[in-house]
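Lettering of chains follows the sequences in order, A, B, ..., and the numbering in each one begins at 1. Values below: all heavy atoms of this structure, side chains included; hydrogens, waters and symmetry mates excluded.
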Amino acid sequence: MSRLFLILMTAFVSWLGIWSARTNPSVGTLGDRSTTSGSNRSSGVYYRGGYTNGVWVSTSPRGTASGFSGRGPRSGVK
Amino acid sequence: MDSPSGLRQWIPWFQRPSVNPAFLFILLFPCWVLVSLGSSRGPEHRDFDLTVPSPNNPVTSAPFPLVANGKNVSTIRIDAVPPANTSYNMSLELLDAKGTLLLHADKEGWRETGSWYEDGYSGTYDESDRSFWLKFKPRVSGNFSVRLSVDSLLSSQNQPVSASIPVSVRISSSSSNQGLLFLTLIVSFSLACMVLHLSYFQGRRRLKERSDDVMALSRKTRAVYPAGLMSLHVSCRFENTTSSFGPQNRYHLVPVHMKLSVIDAVGAVRNNCDLTGYLSKKQSEEDDSFDLKFPSVYYQLDQVENLRFRIDIPETVSDIAELEWFDLDLRDKVVVPWPVSTQKLS
């Protein structure tokens, strides 16, 4: 039973890895909403707008940059 | 009559259930991944060095081609070099050949330099958050360009600064994720090895015991064994009783002969087998002993048999080593992927 499970796992993992590596399903196509939802938000990128019927519609800026407040080297660390 | 040779001598083996190469086919899966990895191409890069001349004054890159085939992933990576002790907001616009806006993203960045002092130590630091990347698949093939602009370039006192910002732009295009393929290869190969380990050379353990009394252990092997392949593996440890094998002389090899006899229910010896192993000195300085492993012995049983395996091994070897313990691993119903050399019972 455990051997059958391992055989199926080997086949599934191999197929899934090759399929994912070749098709990159997590990356969106320009014009799709998924392009901006799968972004690298953790690095602080904000999309200024979104797609409406496949066309990019920009929105106004978020406002002025917040400067150094709350960022940069913290006292006590350096 | 000539004995069969070549493939013909293997064919009777494959008719036995103890030889089953079928599970070797599991290795086709990691091979499949390996072929995919080998046939994949690495990402193609195109680099631009741009300079944003001043805030609210955009700069546009030269056109670069991107191929849309539903699989190609394009990555735009931006590395800016802002002046020290400033923060800014960088805006990136992706344009097609007609100048149509396809994507618009903002990224706030900063860079701070200075000195630190702590517990009598000091140094300088230069920290920043000035890189970002965007990943997407082009919808149509063609030439694209990137327009970069900076606004809100401020000093650490939040005063406007007018300065140029050099920016490195790297456009990468890849058709497959090689990192993911490599990870898949490792996982797939590991799983395949687990399948092979479960399938081959394990069989059913009938006796696995360590003892210093060889004869007592031999008597415990008396049992009824089913038809099929059996494996017997012996390893032992000898204690060093002489100074001849000190640290300066640790690699000397001394042969040890072991005799294996298979005795059936009526006491008849059905098979005799002589094995030779070599004492090998352990590397450890503290552990003054020799390890000895004999090669595995396989027995092919054509029918159910009541057998005992008598093992004769010397208690001492040339007055230099004395048997400390003896480890016996006896298995039946062993399956092997290819024919192995076996001992036949008369």
Asks: Relative to chain B, which segment of A/S58 carries a heavy atom at a distance below 4.5 Å: side chain, backbone, both, or neither?
Replies: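 Interface part for A/S58: side chain.
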
Asks: Answer whether the closest heavy-atom distance between the side chains of B/L94 and A/L30 falls below 4.5 Å.
Replies: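 Sidechains of A/L30 and B/L94: in contact.
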
Asks: Could you have a look at B/L101, B/V73, B/L102 and say which one has the most heavy-atom pairs with chain A under 4.5 angstrom?
Replies: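 Most heavy-atom pairs within the cutoff with chain A belong to B/L102.
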
Asks: So with a 6.0 Å cut-off around NE2 of B/H45, is the heavy-atom count from everything else above 12?
Replies: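 Result for NE2/B/H45: enclosed.
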
Asks: Considering the options B/V195, B/I26, B/L196, which one meets the side-chain contact (heavy atoms from CB on, under 4.5 Å) requirement together with A/R3?
Replies: B/V195

Asks: Say you draw a straight line from OG of B/S40 to CD1 of A/I18; how long is it, rounded to the nearest 0.5 Å?
Replies: 10.5 Å

Asks: Mind ranking B/L185, B/L103, B/L181 by heavy-atom pairs under 4.5 Å with chain A and telling me who comes out on top?
Replies: B/L103

Asks: Examine whether an atom of B/F23 lies under 4.5 Å from a heavy atom of chain A, and if so say whether it belongs to the side chain, the backbone or both; otherwise answer neither.
Replies: side chain

Asks: Measure the spacing between CG of B/N72 and OG1 of A/T29 and express it to the nearest 0.5 Å.
Replies: 11.0 Å

Asks: If you measure from CG on A/N24 to OG on B/S74, what distance do you get to the nearest 0.5 Å?
Replies: 10.5 Å

Asks: Count the heavy-atom pairs under 4.5 Å between each of A/S14, A/A11, A/G49 and chain B, then report the option with the highest count.
Replies: A/S14

Asks: Residues in ring-ring contact (aromatic ring centres under 6.0 Å, His included) with A/Y51, at least two apart?
Replies: A/W56

Asks: Against chain A, label B/S175 side chain, backbone, both or neither, depending on which of its atoms sit under 4.5 Å from a heavy atom there.
Replies: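 The answer is the backbone of B/S175.
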
Asks: Taking the side chain as everything from C-beta on, heavy atoms only, tell me whether B/F29 gets closer than 4.5 Å to A/V13.
Replies: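 Not in contact.
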
Asks: For chain B, find which of A/V55, A/D32, A/L16 contributes the most heavy-atom pairs closer than 4.5 angstrom.
Replies: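 Sorted descending by pairs with chain B, the first entry is A/D32.
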
Asks: Measure the spacing between NE2 of B/H104 and OH of A/Y47 and express it to the nearest 0.5 Å.
Replies: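 With rounding to 0.5 Å, NE2 (B/H104) is 12.0 Å from OH (A/Y47).
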
